[in-house]
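Keep in mind the model is a prediction, meaning the values are calculated, not measured. Throughout, a chain's letter reflects where its sequence line sits, starting with A, and its residues are numbered from 1.
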Amino acid sequence: MTKFTDLKLDPAVLRAIADAGYETPTPIQAGAIPPALEGKDVLGIAQTGTGKTASFTLPMVTMLSKGRARARMPRSLVLCPTRELAAQVAENFDTYAKHTKLTKALLIGGVSFGEQDKLIDRGVDVLIATPGRLLDHFERGKLLLTGVQIMVVDEADRMLDMGFIPDIERIFQLTPFTRQTLFFSATMAPEIERITNTFLHAPARIEVARQATTSETITQKLIQITPPRRDQSAKAKRELLRAIIKAEGEACTNAIIFCNRKTDVDIVAKSLKTHGFNAAPIHGDLDQSLRTKTLDAFRDGSLRLLIASDVAARGLDIPAVSHVFNYDLPSHAEDYVHRIGRTGRAGRLGTAYSIGTPADAKYLAAIEALVKQEIPRADPPEGFTLSDAAHREPRKYDDDKGPRSRSPRSRSGRGRDEKRPPREDRAPVIVAVEEDDSHIVEVPEAKRSEGRRPEPRHSEARRAESPRPEPIRPESGRDERRSEPYRDSRRSRDGGPAVVGMGDHVPDFLLRSFRTTKPVIEDKDTEAEESTEAEVQNPVEETSEN
DNA sequence: AAAAAAC
């Protein structure tokens, strides 16, 4: 079997590898390093978790160890789709270049230009960047890419997903034709194929087996619930999530909890925190320094539960995660593989729980088709019993869907029923929810404006300065409307009884009539229920969004 | 129904 010492790596690099405790290269490393060292272009088709990063950092450090960087002319360039990935690659360079004098700069958004500029001016051997920030530097004339000898594109298929391909093409064109290109992608979509045909020259193609989705090291479980009312789904899911985490007990040393939406990431994180869990959110709307801090805490073990958007689904190297939870089933089946692949790594055992609701049926079908297996069904943990609270108090619920609920629902009832999987043999558990998540209960604007409101945000503060007649319109468009009011609205007033939540701007009279006339619907998922909501909400939407 | 990335 090949050892690192068999590869023609620089002695300083070999020493660093030994320091890190590695002896044997992974398949992608064994395949990509030799041609890279010969100066050939490399097309690596590999997922994360295969040792891909080292397969380009090791040869790069070796090849760059001779020669020196000139001011503003980096000698190599690594492009990554997300800031976290870029930071991770940078750490990888620190690890493997520690016995060399190579310098590097990390160019990512969300941090100030000053430090980055300084490094570039001084001259760096390796530039690691996200495309946006790199082009920003370039356009400000701070950066010349004509000295780039080696260019790496990491996670190209994700770049494609994120719409970075035009940027990538542009950057390719700014670098010399003679550069060496190392190009990595998990899949070879037609667009990726086109790029490689255009910018790679007779590449050595190394393909390693797709990360096993059915990896024996990952125990997968799917717990399906059917909340008696669709709008209680989120709350039921949060409760179930807590129940699972509690049931797993100490076996769950740390976990990533994936949500499909950033707002849900925030809500779930907050909910877990108020229930005493050591939890923190991470997604792209959070401040970069916070993102970094959170991730560091998660890596060093001081944070137990990381609630994440798909920013953390791929590529992030977080060793030793015992559990992955899909609070939402991912809408892209591929992401299921990436998400659960965060656990069970490096031969360790891992557990991946997914929570399914009838609304996710089509995602589930797509996932099972992709992984070519049925995700083993499991029952909710013992102690997660049916409560009839929702039936007793059918009007008490919070609408977790915030922004969603204000757009007219597509009449999807029919389609949903059709697509529901034929699992009638296994009666899904009907879940009802206690009213204990009061911090998340939605408080209508009408109610809040009566008196004190907790922790006003600036958007709120601005409104307070210039009171206006209801309904309050967002002042300047989408940002404010999109997130702020909803996040705020998830606070309850202290002490007061949980208020029925609709959207933010439900006038009082509507609210009252809603409360008293809302029919008690025992039957789950009926059209009748949906139309009730739609009728109440459409007028709200008219007034608040035009 | 989304997320991510530039200011």
Test item: side-chain donor near acceptor, D310(A) and H338(A), under 3.5 Å: no
Side-chain ion pair, D328(A) and K237(A), N-O less than 4.0 Å: yes
Value in whole Å for how far the P atom of dA6(B) lies from CG of D285(A): 13 Å
Sugar-phosphate only, base, or nothing, as touched by S331(A) at under 4.0 Å among non-hydrogen atoms: nothing
Donor-acceptor pair present, R261(A) side chain and dA2(B) base, under 3.5 Å: no
Donor-acceptor pair between D360(A) and T357(A) side chains, under 3.5 angstrom: yes
Separation of dA1(B) P from D264(A) CG (nearest whole Å): 14 Å
Centroid distance under 5.5 Å and plane angle under 30°, Y363(A) vs dA1(B): yes
Separation of dA5(B) P from I165(A) CD1 (nearest whole Å): 16 Å
Sugar-phosphate, base or nothing in reach of G110(A), heavy atoms under 4.0 Å: sugar-phosphate
Separation of atom CZ in F258(A) from atom P in dA4(B), rounded to whole Å: 11 Å
T130(A) side chain near dA6(B) phosphate (N/O to OP1/OP2, under 4.0 Å): yes
Under the salt bridge (Lys or Arg N to Asp or Glu O under 4.0 Å) test, residues paired with E169(A) that sit two or more places apart: R194(A)
Centroid separation F325(A) to F258(A) less than 6.0 Å: no
Touch class at under 4.0 angstrom, heavy-atom based, for P131(A) against every strand present: nothing
Between dA3(B) (P) and L286(A) (CG): distance, integer Å: 12 Å
Touch class at under 4.0 angstrom, heavy-atom based, for D161(A) against every strand present: base
dA4(B) OP1/OP2 closer than 4.0 Å to side-chain N/O of K262(A): yes
Side-chain heavy atoms of T82(A) within contact of R158(A), under 4.5 Å: yes
salt_bridge(R122(A), E115(A)) N-O dist < 4.0 Å: no
Below 4.0 Å: OP1/OP2 of dA2(B) and any side-chain N or O of S309(A): no
Value in whole Å for how far the P atom of dA5(B) lies from CD1 of I171(A): 15 Å
Paired and unpaired positions of DNA chain B as dot-bracket, Watson-Crick or G-U wobble under 3.5 Å, | denoting a partner strand: .......
Nearest-angstrom distance from the residue atom CZ of R140(A) to P of dA6(B): 13 Å
Side-chain N,O (R83(A)) to OP1/OP2 (dA3(B)) below 4.0 Å: no
Mutual orientation of the aromatic rings belonging to F183(A) and F172(A) [parallel < 30°, tilted 30-60°, perpendicular > 60°]: parallel
Euclidean distance, atom CZ of residue R339(A) to atom C1' of dA2(B) [Å, nearest integer]: 10 Å
Sugar-phosphate only, base, or nothing, as touched by R291(A) at under 4.0 Å among non-hydrogen atoms: sugar-phosphate
